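Below is one structure, written out as structure tokens, with a few remarks after it.
Chain letters run A, B, ... following the sequence lines, proteins first and then strands; every chain starts at 1. Just so we're clear, the structure is a prediction, and the values are computed from it rather than from any experiment.
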Number of protein chains: 2
Amino acid sequence: MHMEKGDAHYRIDNLDKSILRALMDNARTPYAELAKRFQVSPGTIHVRVEKMKQAGIIEGTRVQVNGKKLGYDVCCFIGIILKSARDYPRALAQLEALEEVVEAYYTTGHYNIFIKVMTRSIDELQQVLIHRLQPIEEIQSTETLISLQQPIDRDVTP
Amino acid sequence: MHMEKGDAHYRIDNLDKSILRALMDNARTPYAELAKRFQVSPGTIHVRVEKMKQAGIIEGTRVQVNGKKLGYDVCCFIGIILKSARDYPRALAQLEALEEVVEAYYTTGHYNIFIKVMTRSIDELQQVLIHRLQPIEEIQSTETLISLQQPIDRDVTP
DNA sequence: TATGAAAGACCGCTCCC
DNA sequence: GGGAGCGGTCTTTCATA
């Protein structure tokens, strides 16, 4: 766990929300344009953004990369059932080492761990399933859910 | 530049990959710093980034927002089984209207649609399940998977 | 055709009101 | 919170291999 930056209880107002929404859509939007759009001065935009950075609301800026254009065509979710719930940390450590595993969730219910895997092909997915996941001792069984398409992908609304 | 926007066949080299990795970590990394790091000129960085934008590999820049700091503490996945596979477009349209639905996948297997939902509390999640999803006619049944923690969250490696 | 260097425009940061 | 000046960054242009 890394250190928490700033005050977690900073309450954002409508201006903050507007700024966030704009920057979530395009992080390079000039402050001057935001200022004009929201009828405040560029300095104010700067102050608000800085506050939200300090509060840890804004964690950073990332370029959004189109995975398909890089050849990552196959996306799937895999529900993992462990032999024992106590195996969680060891299983997780091994999943972290697999770069095809882009997300992992510790879940309640039917599965112990739920992961999202992205590969360049169905063949590569099979390789990951057979040669990477199956050999992990702590895993009892897995269930795979292949995604053919992702029609919705957005962030939470501030 | 004669390359069409969205050309899927632009092959990136090692320099492109390095630039991508850096910008995926921090989209505001100065070109001059990247130039120094990779032993090329700032102009070259600019040309490469522009190419990748044109090729559709770089889709844009987004600020990364900490959902928890905004109060979105609850994350869950919901597998949706439709009454008929033909209902997919109508069901999707209604899911799109729910801002709590941040991701949706069209999947093979047990479910027809698989969605990721983020809410501010368990109570709000229940509200979404009961008052938003259940009323959707096209849905036959749903299965909910609550995530207690997300230990891995990263992008595909270029 | 791709790279490297330099000049100009633009943006963000800071100070003061 | 608003406004202006400074410093830094991005972008563009041109020369070069």
- Item | Ring center gap for A:Tyr106 and A:Phe114 short of 6.0 angstrom | no
- Task: May I ask you to check whether A:Tyr105 and B:Phe77 place their ring centres under 6.0 Å from each other?
- Result: yes
Can you check the [X] [atom1] to [N] [atom2] distance for me, whole Å?
X	N	atom1	atom2	answer
A:His46	D:dG8	NE2	C1'	13 Å
B:Glu33	D:dG8	CD	C1'	13 Å
A:Leu34	C:dC10	CG	P	18 Å
A:Arg28	C:dC11	CZ	P	12 Å
A:Tyr31	D:dA4	OH	P	20 Å
A:Gln39	D:dG3	CD	P	11 Å
B:Phe38	C:dT3	CZ	C1'	17 Å
B:Leu15	C:dA2	CG	C1'	12 Å

- In terms of side-chain heavy atoms of B:Arg48, which of C:dT3, D:dG1, D:dT9 is nearest? C:dT3
- From the options C:dA2, D:dG2, D:dC10, select the nucleotide whose nearest atom is closest to the side chain of B:Lys51. C:dA2
- Would you indicate, yes or no, if C:dA5 has its OP1 or OP2 atom less than 4.0 angstrom from a side-chain nitrogen or oxygen of B:Ser41? no
- Item | Close side-chain approach of A:Leu98 to A:Glu96, heavy-atom, < 4.5 Å | no
- Item | Salt-bridge contact B:Arg11-B:Asp16 (side-chain N to carboxylate O under 4.0 Å) | no
- Under 4.0 Å between any heavy atoms, over every strand shown, what does A:Val47 touch: base, sugar-phosphate, or nothing? Just pick one. nothing
